[in-house]
Amino acid sequence: MAWTDRVICMHHRPLAVFASPGRYVQGPGATWELGRELERLGLEGPILFIAAGTARRELQPIWEEVLPPVGLWPTVIAFGGECSVAEIDRLVAAGSGQPFCAVVGAGGGKTSDTVRAVADQLQLPAVITPTLASTDSPCSALSVVYTKEGAVEGFRFFNRHPLLVLVDTEVVARAPRRQLVSGIGDALATWFEARTVRQSHKTNAVGGLPTTTGTALAKLCCDILLADGPAACAAVDAQVTSPALERLVEANNLLSGLGFESGGLAVAHAVHNGISELPGSHGSLHGEKVAFGLHTQLVLEGQPQSEVMEILRYCRAVGLPTTLAEVGIDADDENQVRTIATRSVIPGETSHNEPFAVTATAVVAALRAADRLGRTLA
Ligand SMILES: [Zn+2]
């Protein structure tokens with residue numbers, strides 16, 4: 001389903017909408033509170049966990065310790081690694097016909113995207129415990145579905161948000177720095193995309209116009225990233241939590257999620273979807289591609305040079321891509337650049353949330369110009 005179709009079918013009037021998960025819990029050792037948190041939400045009995053490798057290794061022993069005392073009996077299934085139709089169907093089949101009270105997803109962004117789709121099909125509440133702060137996925141009510149080859153196939157929108165998002169920052173602090181940095185890239189675009197949607201009076205990702213609240217949270221997200229990014233990266237390098245890391249994880253997981261959904265998306269994520277078409281980019285993470293999408297958006301919008309360069313320099317400082325080569329694209333290959341641009345302006349793409357008509361030709365020019373600017377810093 002495309003972004004715009006959803007809004008039209010949900011509302012006949014242009015209403016402002018804000019939506020969020022039911023409860024957000026974050027801190028060092030939060031996993032130890034998972035049993036009490038699920039109990040207070042009224043969940044009991046068998047509960048299905050879909051977990052990536054790190055979560056099974058590091059968290060499963062804790063789940064098995066804290067859940068039975070509150071009457072919860074976990075069944076843990078390994079996540080296959082891609083949020084694809086085949087993987088969603090496999091997990092739905094595994095969870096069908098059993099009296100599970102909820103589906104818990106533990107892992108990165110693709111895990112949480114998959115688990116929301118599975119929970120939706122099983123008509124059960126979703127609970128997300130991210131082990132990374134690598135994307136804005138955990139708090140949202142939509143999933144990006146990829147092909148088995150890793151290209152973006154489409155979006156699925158759900159009526160219900162996760163009942164609970166619980167983030168153990170000790171686990172996040174032990175993840176590779178690159179994952180946190182990718183989350184910064186994803187979250188950095190949030191404010192600039194929300195600002196655009198606000199200006200153009202277009203719709204957000206929860207079926208309405210942006211509220212002032214959604215846009216303000218996106219701005220707060222950006223302010224935290226700019227202030228705390230380097231210090232939070234240093235904490236992850238040392239594999240410890242710190243106040244800066246706590247604020248940054250909240251920005252990456254909570255504020256970016258609320259900000260993009262209730263604030264809206266624009267060119268940055270559309271260019272991400274374009275970049276993902278090319279096999280050369282498949283070694284790049286979501287937020288790395290979004291970061292280059294952000295540079296493209298700022299150039300395309302004609303934002304002041306001071307803002308464009310501030311963002312480029314910040315990305316360079318924390319280790320986010322500033323050139324096409326850094327997301328696996330050959331900038332001198334006309335076909336590759338054209339492919340990105342063409343995919344980024346297909347009907348229903350968020351590039352059409354800009355306050356002006358966005359064409360593939362204009363995106364080609366912006367991709368090239370952003371790459372040139374980025375290369376001056378490389
Ligand atoms: Zn994103």
Side-chain angles (χ1 to χ4, degrees), residues 2-3 19-21 82-83 105 107-117 128 130 132-146 150-158 161-162 165 178-197 204-206 210 214 217-218 221-222 224-225 248-277 281-282 284-298 311 315 318 320-321 327 340 343-344 348-351 353:
W3 219 254
S20 72
E82 186 56 89
C83 181
K110 285 178 190 285
T111 316
S112 65
D113 273 14
T114 305
V115 164
R116 272 192 302 277
I128 309 293
L132 305 169
S134 59
T135 74
D136 54 18
S137 160
C139 292
S140 78
L142 69 87
S143 298
V144 185
V145 179
Y146 290 80
V152 174
E153 188 169 298
F155 302 100
R156 288 194 192 181
F157 295 93
F158 312 115
H161 276 71
V165 176
R178 187 181 170 197
Q179 297 288 347
L180 184 81
V181 168
S182 176
I184 292 174
D186 202 16
L188 189 61
T190 304
W191 158 240
F192 299 99
E193 292 183 279
R195 179 177 72 177
T196 294
V197 174
N204 60 22
V206 287
L217 293 178
C221 180
C222 183
I224 290 173
L225 296 178
L248 195 101
V249 169
E250 184 184 329
N252 281 11
N253 275 328
L254 181 61
L255 291 171
S256 180
L258 299 176
F260 100 78
E261 262 199 313
S262 290
L265 295 177
V267 161
H269 270 79
V271 165
H272 160 276
N273 296 344
I275 291 172
S276 301
E277 287 288 291
S281 74
H282 291 173
S284 297
L285 300 175
H286 175 76
E288 294 169 341
K289 292 175 280 185
V290 170
F292 195 81
L294 172 59
H295 308 320
T296 311
Q297 176 178 325
L298 296 178
I311 296 304
C315 287
V318 296
L320 281 165
V327 288
I340 297 169
R343 174 62 177 79
S344 73
E349 251 306 345
T350 54
S351 54
N353 285 341

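Each ligand, and each atom within it, is numbered from 1 in the order the structure gives. Along the sequence shown, residues are numbered consecutively beginning with 1. Not measured: the values here are computed from a predicted model.
Residues Thr190 and Ser256 have side chains that bring a donor and an acceptor to within less than 3.5 angstrom of each other.
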- May I have the step-by-step check of side-chain contact (heavy atoms from CB on, under 4.5 Å) for Arg116 and Ser137, ending in yes or no? CA-CA 10 Å; Arg116 272 192 302 277; Ser137 160; 3.0 Å; yes

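Every residue meeting the ring pair (Phe, Tyr, Trp, His ring centres under 6.0 Å) condition with His295, not counting sequence neighbours, appears here in chain and number order: Phe292.
Between His286 and His269, the two ring planes are tilted [angle within 30° to 60°].
Among heteroatoms of the N, O or S kind in His286, NE2 lies nearest the Zn ion (ligand 1). Summary: OD1 is the N/O/S atom of Asp186 found nearest to the Zn ion (ligand 1).
Taking 2.8 Å as the criterion, His272 does not count as a coordinating residue of the Zn ion (ligand 1), since none of its N, O or S atoms falls below it.
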